[in-house]
Amino acid sequence: MVESFFDKKTECLTIHVKGRFDYSCHKAFKEAFTAVSKVKFYEVNLADVSYLDSSALGMLLLLRDHAGEEKAQIRLVHVNSAVIDILKIANFHRLFDITE
Amino acid sequence: MEQVLTILIADDNPSDRILLKAILSQFGHNVISAVDGQDAIDKFDPHTIQLVCLDIKMPHKDGWEAALEIQRIAGDVFVPIVFLSGVTDPIALSNCLRIGGIDFISKPYSPALITAKLNAIVRLLVMQKTLEEQRDAMSLYNEQLLNEQEVAKVVYENITNSNCLKDPALSTIHYGTHIFNGDVILAAYKPNGGMHILLGDFTGHGLSAAIGALPLADIFFDWTKKGFLMRQIIPEINARLKGILPSNMFCSAAFIDIKVNNKSIEVWNGGLPDLLFFPQNADRPVKLTSKNLPLGVLSPDTFECQIDPMSFVPGDRLMAFSDGVYEALDLSGQMFCHSVLNPLYQGEIDADQSVDWLIQQLEREGVLANPHDDISCLSVRLDTNIGIDSSEHKVSRGHDEAPADFSFEYVLNADSLRNTDPLPYVLQILTTVPGLSSFSSQIFMILSELYSNALEHGVLKLSSDKKSSSDGFSLYYEERERNLANLQDGYVKISVKVTSDNNNRALILYVEDSGSGFDFQDVNYDISNTELLYNRGLALLDQLCSKLEFSKGGSAVTAHYHWQVGLDGRAI
């Protein structure tokens with residue numbers, strides 16, 4: 001399940017993913033970041049993610065692409081132990097700001 | 001909705017039967033009459049009759065019995081049944097609908113009501129026919145799709161399997177969840193001996209995942225054959241995948257370079273679970289962790305190659321698997337990496353049996369029966385004969401060769417020594433001579449020995465003593481990288497002269513470096529002395545070439561090579 005919230009003051013879009021983060025979230029996740037314009041910061045909250053697969057990594061790359069690749073300011077926050085391992089293997093800490 | 005139907009009517013009462021036939025015929029329908037239930041069954045043909053009207057009370061099988069029998073004969077074909085009845089008992093009428101009738105017409109007949117009911121039935125028949133056509137079209141389409149996928153699969157497998165996976169040193173597991181597998185295992189012999197291996201796992205499964213494997217395999221095989229190095233092939237694959245894949249697709253992969261000349265491997269891991277290196281003298285495997293982003297994520301200008309070098313002793317093993325293994329769930333719902341794989345990580349599993357052991361675990365935990373992800377694994381028994389005994393030469397025997405006579409000189413100064421590998425280009429020019437192209441692996445081996453000696457010992461002044469210990473190899477490697485990055489001055493000059501006519505076919509390779517040379521009088525050409533890696537290279541050269549001459553105090557060497565047209569394997 002994907003929920004999102006845009007704070008106009010801080011220009012930060014928070015995307016909260018819950019449960020399994022896999023291809024079933026693809027549409028909702030893409031809509032979450034394409035629906036809002038003038039976003040400066042992105043925060044993806046992974047606290048309630050129980051599982052993350054390679055298509056979820058692909059969606060994060062899609063978000064990064066949308067946010068301007070090298071210039072993207074995307075934080076992955078509350079990353080739990082189920083997920084950190086997978087992000088580490090893929091070396092995603094070189095692309096995203098990751099906090100546990 | 002005008003449509004002519006063929007209607008079967010059964011009624012034992014002649015006057016009712018004739019009346020109904022007259023009404024239906026009047027609307028233009030074809031009517032077949034039956035005198036009782038059995039007669040109706042006998043006259044029923046599901047391919048010609050579109051509607052059946054049955055009186056309820058008839059001798060020799062009543063309307064209900066006839067209805068059941070007719071439905072059985074009709075099978076998959078939908079033929080509506082309407083009951084004719086003088087009774088008005090609601091239970092008897094509802095029975096008609098319960099056993100599969102779609103409606104009933106009560107006697108005495110009203111032409112207006114019959115018309116209305118027939119129209120409703122025609123609409124139903126048209127709808128049914130449309131559904132059947134759509135269903136048939138879908139199943140045909142699905143069949144075609146599967147057929148096309150099977151054809152595409154053959155092409156795909158020919159491309160991704162045109163390699164040396166059958167080499168006895170390799171054991172592999174490869175299971176897909178779909179017709180197409182998003183995992184690839186590629187292996188190819190290098191022209192100078194040894195092997196390149198790649199295990200890749202594309203995002204997703206099925207056709208969309210497999211399609212990226214085609215350019216990957218293409219570059220892998222083509223560039224390996226041409227003599228490019230792992231650190232040149234990986235950025236090329238990355239750039240190509242980045243260019244063609246959508247941004248949410250990438251390929252987690254491990255690239256393994258087995259170098260038989262100096263008994264070492266180099267491993268690049270981008271996004272795969274830890275590779276396991278099993279030295280025979282250690283009680284648990286060394287983990288080679290992913291230090292790179294997967295292929296196809298970074299643009300070429302930000303891409304880096306973090307490579308782990310290791311030296312090996314023949315019999316050591318290296319194992320790699322995709323996350324389909326690592327994240328597979330065991331029967332208790334735990335991921336393999338936290339449960340089943342532990343004995344492997346602890347070194348409790350015999351490395352030679354590790355692939356068989358893994359297959360057993362996958363079977364026992366029910367993963368193979370119901371895989372959620374593509375599963376692949378490879379294990380290679382490292383040895384110095386990989387790609388040496390089995391190199392394939394395609395030689396057309398006995399053809400005449402056009403004479404050739406050319407020479408060129410290629411001088412690389414510091415900047416180019418840092419950034420280029422000249423060997424594939426030199427080899428490409430040399431193999432324009434058809435006779436020489438049959439010997440490309442030997443020539444490449446001579447070239448690469450001469451060049452790496454000139455670069456590493458001449459220009460970079462590295463001492464080969466370091467390579468003799470197992471730690472030493474990675475130290476040597478680090479020093480090589482460091483010295484090369486800091487290189488300000490120095491050169492390597494490669495001069496090539498080819499003369500080929502009917503009597504004399506000769507290649508003369510002259511390689512000179514800016515280093516201070518070495519004491520070449522003392523060289524030991526005994527190839528059996530495997531302790532001395534540097535000398536071993538020279539001994540190899542000595543075997544391949546007809547003459548090896550040092551000059552300029554050891555900073556220059558000339559290699560003479562002769563070949564015969566129509567022969568393969570060994571120069572004279």
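Reminder, nothing fancy here: chain letters follow the sequence lines and each chain counts from 1. Treat the numbers as computed from the prediction; the structure is a model and nothing was measured.
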(request) Please flag which part of Asp53(A) lies under 4.5 Å from any non-hydrogen atom of chain B: side chain, backbone, both or neither. (result) neither
(request) Against chain B, label Ile86(A) side chain, backbone, both or neither, depending on which of its atoms sit under 4.5 Å from a heavy atom there. (result) side chain
(request) Test Thr14(A) against Asp7(A) for side-chain hydrogen bond (donor to acceptor under 3.5 Å, both in side chains), laying out the working first. (result) CA-CA 8 Å; Thr14(A) 305; Asp7(A) 186 339; over 6 Å; no
(request) Report, as yes or no, whether the 6.0 Å neighbourhood of atom CD on Gln334(B) holds more than 12 heavy atoms from other residues, nucleotides or ligands. (result) yes
(message) Ignoring hydrogens and geometry beyond distance, is a side-chain donor-acceptor pair present between Asp374(B) and Ser322(B) at under 3.5 Å?
(response) no
(request) Check each atom of Ser252(B) against the heavy atoms of chain A and say whether the ones under 4.5 Å are side chain, backbone, both or neither. (result) neither
(request) Can you tell which part of Tyr23(A) gets under 4.5 Å to a heavy atom of chain B, answering side chain, backbone, both or neither? (result) neither
(request) Examine whether an atom of Leu95(A) lies under 4.5 Å from a heavy atom of chain B, and if so say whether it belongs to the side chain, the backbone or both; otherwise answer neither. (result) side chain
(request) Assess whether side-chain contact (heavy atoms from CB on, under 4.5 Å) is satisfied between Met230(B) and Ile234(B), documenting all intermediate values. (result) CA-CA 6 Å; Met230(B) 173 169 92; Ile234(B) 293 172; 3.5 Å; yes
(message) Under 4.5 Å from any heavy atom of chain A, what part of Leu298(B) do you find: side chain, backbone, both or neither?
(response) side chain
(request) Report the relative orientation of the aromatic rings in Phe33(A) and His66(A); use parallel for angles under 30°, tilted for 30 to 60°, perpendicular for over 60°. (result) tilted
